[in-house]
Each structure stands twice: as structure tokens, then as C-alpha cells.
> 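The structure follows.
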2 protein chains.
Amino acid sequence: MTKKAATGAARAPRRKDSLSRERIIRAATEMLDSGGERALTLRALTVRLGTGYGAIYHHVADKGDLLAAAADDVITGVLSGVVADADPRAALRRLALDLFDAVDAHPWVGAELSRRPWRPALLDFYESIGRLLDALGVPEEARFDAAGTLVNHVLGVAAQNAANARLLADARDTDRESFLEDAATRWAQVDPERYPFVHAAATRLGEHDDREQFAFGVDVVLAGIAALGRARR
Amino acid sequence: MTKKAATGAARAPRRKDSLSRERIIRAATEMLDSGGERALTLRALTVRLGTGYGAIYHHVADKGDLLAAAADDVITGVLSGVVADADPRAALRRLALDLFDAVDAHPWVGAELSRRPWRPALLDFYESIGRLLDALGVPEEARFDAAGTLVNHVLGVAAQNAANARLLADARDTDRESFLEDAATRWAQVDPERYPFVHAAATRLGEHDDREQFAFGVDVVLAGIAALGRARR
DNA sequence: ACCTGAACACCGTTCAAGT
DNA sequence: ACCTGAACACCGTTCAAGT
């Protein structure tokens with residue numbers, strides 16, 4: 001892993017298209033964004049980069065490493081854009097929504113998030129949540145559990161987002177329309193006598209907005225944390 | 001390998017070990033329980049059942065169908081065991097915890113749950129949640145969002161459970177101890193100056209109980225739903 | 001050091017052929 | 001109808017060999 005500085009020739013000009021870990025990760029990210037998780041194969045990557053397998057494995061440990069690194073980049077980008085906010089509740093909401101938007105734009109990141117929730121790239125996310133809960137007045141003993149619940153809400157929606165994207169990708173493009181229609185009508189056909197709630201929910205599916213539902217969930221969790229803090233002890 | 005059933009004899013006695021969809025699903029479930037998702041391969045299944053691929057594909061559409069059916073069985077088992085409860089809050093808590101326990105015992109069900117949250121096997125689960133929220137006095141307009149948040153909490157924890165199991169399974173058995181230790185110590189080494197909250201959380205990881213954390217989350221969500229219902233509109 | 005690409009060890013799935 | 005098992009079309013990964 002040791003790198004020698006330029007030997008002999010002073011400053012050997014680096015070809016601007018030379019292979020590098022970053023270039024590989026960037027290519028992988030683009031493939032994931034445009035074709036979903038399924039589209040990223042080592043074979044396709046060699047074609048896209050015009051190299052062989054060994055070249056890639058020279059810069060990257062394995063496919064898991066590549067996926068994790070690509071997700072790290074997206075997450076770091078989101079978290080570095082976070083602005084301080086006077087109101088901790090608003091800051092928490094914004095933090096959660098920023099992450100939601102990133103996962104919505106890159107569903108494969110959602111899968112990676114739930115696959116490896118302990119990546120260093122998420123450190124700042126967890127730390128921010130802890131501090132903001134503190135600022136919100138959540139007592140010390142409840143703070144860890146509260147943070148866990150909040151994190152689970154975010155990761156849960158992220159995972160669901162990824163799963164939905166996977167299901168949609170599996171339906172071949174020609175089927176996609178009918179696939180969505182089928183799902184909607186099948187749910188609307190649930191027996192209203194036996195399953196009144198599910199039936200009613202299904203008929204309202206059109207008005208449903210995932211982002212709003214997510215934001216509502218954040219509010220629910222924050223309100224619940226506040227309420228429990230007041231009620232207990 | 002070929003066994004001839006008694007030919008000629010009237011009422012060929014069905015061999016009690018004859019292949020059937022149920023037998024296949026049962027075998028798959030056992031393999032998933034003992035070896036994790038990774039252990040269920042078509043090859044291993046043919047060996048275990050003493051048949052060929054075609055025999056399996058004759059009773060089952062594909063691997064996804066098999067996985068879904070196996071998960072359905074577990075879920076149906078849990079939901080059919082649900083007892084009516086006078087207090088809707090207690091009933092919701094119990095429903096959630098029953099599902100948690102099932103996923104804890106069969107982590108691969110957690111993965112399947114987040115892969116296909118719209119399986120008919122979950123109908124009763126969703127319907128119960130809707131009715132119990134009604135019984136709890138959650139107003140009609142908020143009920144769908146509230147149910148969504150609650151469901152997301154359950155599915156989120158389920159997915160996380162499955163992801164953890166996968167990570168553990170990937171660490172080879174000999175590594176497993178050191179793998180867990182490594183993870184714990186690595187997190188304890190997080191810079192306490194820069195990440196005081198995460199550092200504190202890591203040092204308390206030992207006292208952490210996943211089931212309690214989950215139950216706490218359910219309480220948070222329920223309290224939040226109640227609080228928001230009171231505050232708005 | 002960096003890269004090539006044939007080869008390996010797996011997957012899930014199909015299908016002509018058997019009974 | 002039910003089953004067999006060779007064959008197919010993929011995977012991710014390795015590694016002797018090149019520069």
C-alpha cells in the first residue's frame with residue numbers, strides 16, 4: 001500500500017484518464033444511479049472503464065468495499081451541507097429530510113445504509129442527533145433510546161425506499177405501468193367488510209406522499225420523545 | 001437415486017416422504033433458520049430433499065416464491081396467535097412485540113418483510129393496527145399516517161435485525177468473537193472530544209437490549225401519535 | 001506499481017428426456 | 001403429473017502473466 005513519490009523524472013504527468021479509486025467509485029455511483037443496484041456488476045464496470053478485473057481489484061477490496069465507498073460519498077455530501085439552525089427541532093427535521101432526499105434520489109444508498117449502519121460516514125449524523133436531542137431538553141437517561149428510535153425511523157424508511165426501487169426495477173420496463181396499476185387495483189380489491197381499514201387506506205393511496213409521510217413520522221417520534229420525557233420519572 | 005413406487009397395486013400408497021410444496025417450504029425454513037439466508041441455495045435444497053432442480057421448480061415458481069412462502073408461514077403463525085386485549089395500547093404493544101420476537105428468532109423473515117411488505121400475509125397485521133389506533137381514539141385523518149409510522153418502526157427494526165444477522169454470518173465462525181469485540185472496541189475508541197454523544201453511547205453498548213429498545217420505540221410512536229392528535233386541528 | 005483477461009467457484013434457472 | 005440432471009447464463013473473485 002506504500003506509495004513512492006515520483007522517482008527519477010520530476011513530476012511524471014498523471015494521465016487525466018488514469019484509473020484511480022475515485023474514478024472507479026464515481027463510475028460505480030453513476031451506474032447505480034441510472035440502473036439501480038442490479039446494474040452494477042464487475043463486468044459492466046470493466047467495460048465502462050475500459051479495463052480488466054485486476055485493475056479494479058487493485059484499487060478496491062471487493063464489491064462491498066466499492067458499494068460502501070460510493071454510499072459514503074453521497075452521505076458525506078449530504079451531511080457536509082447541513083447548516084446550523086437555532087431551533088433544535090427544526091434542525092432535526094431538516095437533518096432527517098436531507099437524508100431522506102438523498103436516499104430518494106439514490107435508493108441504493110438506502111440499502112447500503114441498512115446494510116452497514118455503523119460506517120464512520122454516519123458518525124456526524126448520529127452525533128448531531130444526540131446533541132440536538134440534548135438541546136431539545138431530552139434527559140440524559142432517555143437520550144440514547146430516543147436517538148435509536150429516531151435513527152430507526154430514518155433507516156427504516158431508507159430501507160423501504162430501496163426495497164421499493166428494487167421491486168420496480170425487477171418489473172421490466174414494459175411491465176412497469178401495468179405493474180403499478182396491478183398493485184394499486186389489487187389492494188383496492190381487498191374485501192372492505194373484512195379489512196375496512198386496509199381497504200380505505202388502499203383507496204387513498206393516490207393522495208399519499210412518501211416525503212410527507214416521512215416528515216410526519218419524524219414529528220411523531222419527536223413528539224413522543226417529548227411526551228415520554230414529561231410523563232416518566 | 002430413482003425409486004419406483006409400487007406399480008400396478010391399486011391405490012399406490014403415497015410415500016409419506018413424497019415431495020410437496022409444503023415439504024419444500026419446511027425444508028427451506030429449517031435451512032434458513034440454522035444457516036441464515038446464505039445457506040439456502042437450490043443446490044443445497046436438492047441435496048437435502050434428495051431430488052433434482054426440476055422437482056423443486058415443479059412445486060415452486062422460483063427462489064423468491066419460496067422465500068416469500070416460508071416467511072408467510074412464520075408471519076401467519078405469529079398473527080394467528082394474537083389474543084384480543086381489552087386495552088388497545090397493550091394490544092398494539094403486544095402485536096408489535098410478537099412480530100419482533102418472530103423476526104428475532106428468524107432474522108431472514110425480517111429481510112423478507114422489508115423486501116415485500118405488501119404480502120397478503122400481512123393484511124391482518126395492518127388491519128389490526130388500523131383498528132387499534134381507532135380504538136385508541138386516533139382521529140380518522142391522522143390514522144393512515146399514524147399507522148404508516150408504526151409499521152415503519154416495526155419493519156425498520158426487522159430489516160436492521162436481518163442486516164445484523166447477515167453481517168454476523170459473513171464473519172466466519174472462528175472470527176466471530178473477535179469480530180464482535182473489534183466492533184465494540186472500535187466504537188469505544190471514537191474521539192470523545194469530537195463525538196461525545198457517540199462515544200458515550202458506545203461505552204454503554206453492553207447494557208443495551210434490542211427488545212427493550214424496540215418496545216421503547218413503540219411507546220414513543222404511540223405517545224407521539226397521541227400528542228400530535230391532541231395538538232393539531 | 002499497475003494492469004490484462006482467462007479461469008475458477010459458485011449462483012438460479014431451464015429443459016429435453018425419462019417414469 | 002412428476003421428476004432427473006446436464007447445460008446455460010450469469011455472478012464475484014483470483015492469479016499467472018505482462019508492462
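Each chain gets a letter, A, B and so on, in the order the sequences are listed, and its residues count up from 1. Only a predicted model underlies this, so the values are computations on that prediction, with no experimental measurement involved.
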> Which nucleotide, C:dC3, C:dG12, D:dC3, lies nearest any side-chain atom of B:K63?
C:dG12
> Any chance the side chains of B:D191 and B:H199 put a donor and an acceptor closer than 3.5 Å?
no
> Pairing check on C:dG18: which nucleotide meets the Watson-Crick or G-U wobble criteria with it, both distances under 3.5 Å?
D:dC2
> What is the distance from CG of B:L49 to P of D:dC3, rounded to the nearest Å?
10 Å
> Measure the distance from CD1 on A:I56 to P on C:dA1 and round it to the nearest whole Å.
20 Å
> Expressed as a whole number of angstroms, how long is the span from B:L40:CG to C:dT13:P?
11 Å
> Just to confirm, is there a sub-4.0 Å distance from OP1 or OP2 of D:dT4 to any side-chain nitrogen or oxygen of B:H58?
no
> Check the distance between C:dC11's C1' and B:E37's CD and give it to me in whole angstrom.
15 Å
> From C:dC2, D:dC11, C:dT13, pick the nucleotide closest to the side chain of A:T41?
D:dC11
> Whom does D:dT13 pair with, Watson-Crick or G-U wobble, provided both distances fall under 3.5 Å?
C:dA7
> From D:dT13, C:dT13, C:dT4, pick the nucleotide closest to the side chain of A:A55?
C:dT4
> How are the rings of B:H153 and B:F214 set relative to one another: parallel (under 30°), tilted (30 to 60°) or perpendicular (over 60°)?
parallel
> Let me know the distance between CG of B:L67 and C1' of C:dG12, rounded to the nearest Å.
13 Å
> Give a yes or no on whether a salt bridge exists between A:D65 and A:R21, defined as a side-chain N under 4.0 angstrom from a carboxylate O.
yes
> Taking the minimum atom-to-atom distance to the side chain of A:Y57, which one of C:dT13, C:dC2, D:dT13 wins?
D:dT13
> Under 3.5 Å, is there a donor on one side chain and an acceptor on the other for A:Y57 and A:D62?
no
> Tell me if a side-chain donor or acceptor on B:E127 pairs with a main-chain N or O of A:V198 at a distance below 3.5 Å.
yes
> Which whole-number value in Å describes the distance from A:R43 CZ to C:dC11 P?
22 Å
> Output the rounded distance in Å from CD1 (A:I24) to P (C:dC3).
8 Å
> What is the separation between atom CZ on A:R38 and atom C1' on D:dC10, rounded to the nearest whole Å?
13 Å
> B:Y53 side chain N/O closer than 4.0 Å to the phosphate oxygens (OP1, OP2) of D:dG5?
no
